[in-house]
Q: 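Here it is: the structure, laid out below.
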Number of protein chains: 2
Amino acid sequence: MAHKVTIKELATAAGVSVTTVSQILNGKSNRFSSETIERVHQLQDQLNYVPNFNARNLILNEAKSIGVVVPNIGNPFFSSFINGIQRVSREFEYLPFNFSGANDSSLEEYYVEQLIGRGTNGLIIASSSITKNTIDKILKKNQIPYLLMDQNPLSDGDQVRTNDRVGGHLVAQYLLSMGHKKFSVVVPNDATDNIKLRITGFKEELVTQGLDPSSMINTVYSPLTKRGGFDAAITVVQSDATAVFAVNDELAIGLYRGLKKLGLKIPADISVMGYDGIDLDTFVEPELSTIQQPIARMGELATQLLINRINDPTISQQVVELPVRLIKRSSVSTPKIKN
Amino acid sequence: MAHKVTIKELATAAGVSVTTVSQILNGKSNRFSSETIERVHQLQDQLNYVPNFNARNLILNEAKSIGVVVPNIGNPFFSSFINGIQRVSREFEYLPFNFSGANDSSLEEYYVEQLIGRGTNGLIIASSSITKNTIDKILKKNQIPYLLMDQNPLSDGDQVRTNDRVGGHLVAQYLLSMGHKKFSVVVPNDATDNIKLRITGFKEELVTQGLDPSSMINTVYSPLTKRGGFDAAITVVQSDATAVFAVNDELAIGLYRGLKKLGLKIPADISVMGYDGIDLDTFVEPELSTIQQPIARMGELATQLLINRINDPTISQQVVELPVRLIKRSSVSTPKIKN
DNA sequence: AAAATTCTTGCAAGCGATTTCAAGTTGTGC
DNA sequence: GCACAACTTGAAATCGCTTGCAAGAATTTT
């Protein structure tokens, strides 16, 4: 290992005490003669002194870092989320450590534990494959500030959310307004609370309009991946649905491919609605109609709230709900007249 | 801040010394009576003792972590890369800290410095927006083990690479074999060495086949993003190219959209070749022909090599070159006969 | 010119863990 | 009953840095 210069060596070299060096390097230098200050800074450059972060944090009792665990950074939704987190973290001089669960719950648990063990100040977890309860337990037990995404609106703890229920309403309204009456809904088996709410909202809207959801919806279970969407296509086609609601865009984009492979034209033969609003939506054909979530903003807010809590764990529950927006593009049209 | 239980408190509670607790908790417990061991473990659970990582690392002089900076996690190429890194890191009990440069060089520099300051053991940098020289300087100056991706094959330092030149050859061979004679090449202005090599390889192959690159290639400069590809379409169309070589898949997928918007059919009107081999390729239409890089494997190897070097900085340069593979799908056909 | 300020600077006590070295206990063999 | 080995356990130094407190030097006040 390359030897690291310590503050003591720097002090000796500069002919002053470590106290002096420490003070100067930490900007409390107004109490020193400008020559000393100058000399110390010069020596620092020369000797290449970098403070030992562990020692520093040990005393200061802070790491100035937050941990972030998302289910899958391969999903652009989460990479945008991370971008938002990075932005605000930097602003507050926190360093965010990002991890992708890769759809493996043990891995997520592993990262959470590692992060805690390493003294992270707080955690943002947008997990899916691990049960909230497990994580909740670990985090509470360790008394570490955290913010869980995608949680049930009724749960305690700080929250950044969008109104998934309203999102569901919007989808149903739109699809109904286009004349659809038979739907396929593609959703994972182990859906998180927020995703379940999208479905709930969807059904609610049907009821609101005096319709009977049970006779109109065919549910297809499939994982939240492109592959999952692709595989779901065959089942979707076998139903009499004229429109599909895929609960996220990844799924929808996979579904696209599956449907096309089966010879269907979108939206002529079947309409498709996604959910999330990722960049990719406008690069597929036809451009995907979706519900847009302000995802980067969510990352920013999540960070903001978490840091608030780190600074003062006693504040009361923080909940921010961001609006969602229906984006009509070309993947939805009026239903085909069945012969 | 929630009070954290220290080893001393645990020791007092257990009625033993901190030495004992430390030894037991670190598995050097064979020297203690099973009652003591039992008691300590029990108390640990009960009091919820988590060792202070800073204190621990201070004395052990290690952080067991590596820093990772990629230009943009939004690109699936890099998320796969990170997945590979995560896999191997875990195996060696290192924790990888991942950052996305978000195409902002100052941001990348910031992360590199933060990471170093925090005592990361080594860095993997797959950067583009910051000059290699700058990073190189920072890293060398700090004598920290690192591995730069996408660097010139001639440079020193450990390397994990694919043969981009061969990749270029393959693209040219394929396109020529399909009968194309006029090409558009879409490439960023500030291309990294490896990307430049793809172009070099492409031209080389033309020469090898006795052709004159200068009269056959129309170069379009555009950033390595979907948006960049989209914007490049208009220029591409204005040339007489029958085939386009986009130097990465993101670009190609953006290009798809642009070309289609301009009314062209792929590959009937124009053929498109990508480069990277991301998942998304098979979900766009037509499926994208590309050069596949073993990206996850590259992440794994990069980590492996970096850890080798961390363990022994004196070993000689490590270079691993992984093979690339031409994947023919449906985005390339014979050129349209111009009227 | 002595006293009071103001500047500069350093001593030494930790932060929470690991680890070396040694000490106290108990058990064994003769 | 005693020396010695085998078990258990703890005291104290140390990692590199921050910081409260105090002291010596320089400057100003009276």
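What's counted below: heavy atoms across the whole structure, side chains too, no hydrogens, waters or symmetry copies. Reminder, nothing fancy here: chain letters follow the sequence lines and each chain counts from 1.
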Q: Write down the distance between CG (B:N57) and P (D:dC17), rounded to a whole number of angstrom.
A: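 Checked: the CG to P distance equals 14 Å.
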Q: Between the main-chain N or O of B:A14 and the side-chain N or O of B:R39, is there a donor-acceptor pair closer than 3.5 Å?
A: yes
Q: Could you tell me how far apart B:L58 (CG) and D:dT14 (P) are, to the nearest whole angstrom?
A: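 My rounded result for the distance is 14 Å.
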Q: Taking CZ from B:F32 and P from D:dC7, how many angstroms apart are they, rounded to a whole number?
A: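 Result: 14 Å.
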Q: From NZ of A:K8 over to P of C:dG10, roughly how many Å is that when rounded to an integer?
A: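 Atom NZ in A:K8 sits about 15 Å away from atom P in C:dG10.
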Q: Take the protein atom CG of B:N54 and the nucleotide atom C1' of D:dT18, then report the distance between them rounded to whole Å.
A: 14 Å
Q: What is the distance, to the nearest angstrom, from the CG atom on B:L25 to the P atom on C:dA17?
A: 10 Å
Q: Do nucleotides 18-24 of chain C as a string where each nucleotide becomes B, S or -: B if the base has a protein heavy atom under 4.0 Å, S if just the sugar-phosphate does, - if no protein is that close.
A: BBB----
Q: Could you state the atom-to-atom distance from CZ of A:R39 to P of C:dT8 in whole Å?
A: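 The answer, rounded to whole Å, is 13 Å.
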Q: Whether the side chain of A:S80 engages the backbone of A:I295 through a donor-acceptor N/O pair (distance < 3.5 Å, no angle test) should be reported.
A: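 Between the backbone of A:I295 and the side chain of A:S80 there is no qualifying donor-acceptor contact (under 3.5 Å).
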Q: Check whether any side-chain nitrogen or oxygen of B:T36 sits under 4.0 Å from OP1 or OP2 of D:dT9, and answer yes or no.
A: yes
Q: Indicate the ring-plane relationship of B:Y111 and B:F99, choosing parallel, tilted or perpendicular according to the 30° and 60° boundaries.
A: parallel
Q: Without swapping roles, check the side chain of B:R161 against the backbone of B:V320 for a donor-acceptor pair under 3.5 Å.
A: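 Not a single qualifying donor-acceptor pair exists.
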Q: Tell me: CD1 of A:I24 to C1' of C:dC7, nearest whole Å?
A: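 Interatomic distance, CD1 of A:I24 to C1' of C:dC7: 13 Å.
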Q: Taking the side chain from A:N98 and the backbone from B:N98, do they hold a donor-acceptor pair closer than 3.5 Å?
A: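 Yes: the side chain of A:N98 pairs with the backbone of B:N98.
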Q: Please answer whether the main-chain N or O of A:G84 pairs with a side-chain N or O of A:E300 as donor and acceptor at a distance below 3.5 Å.
A: no
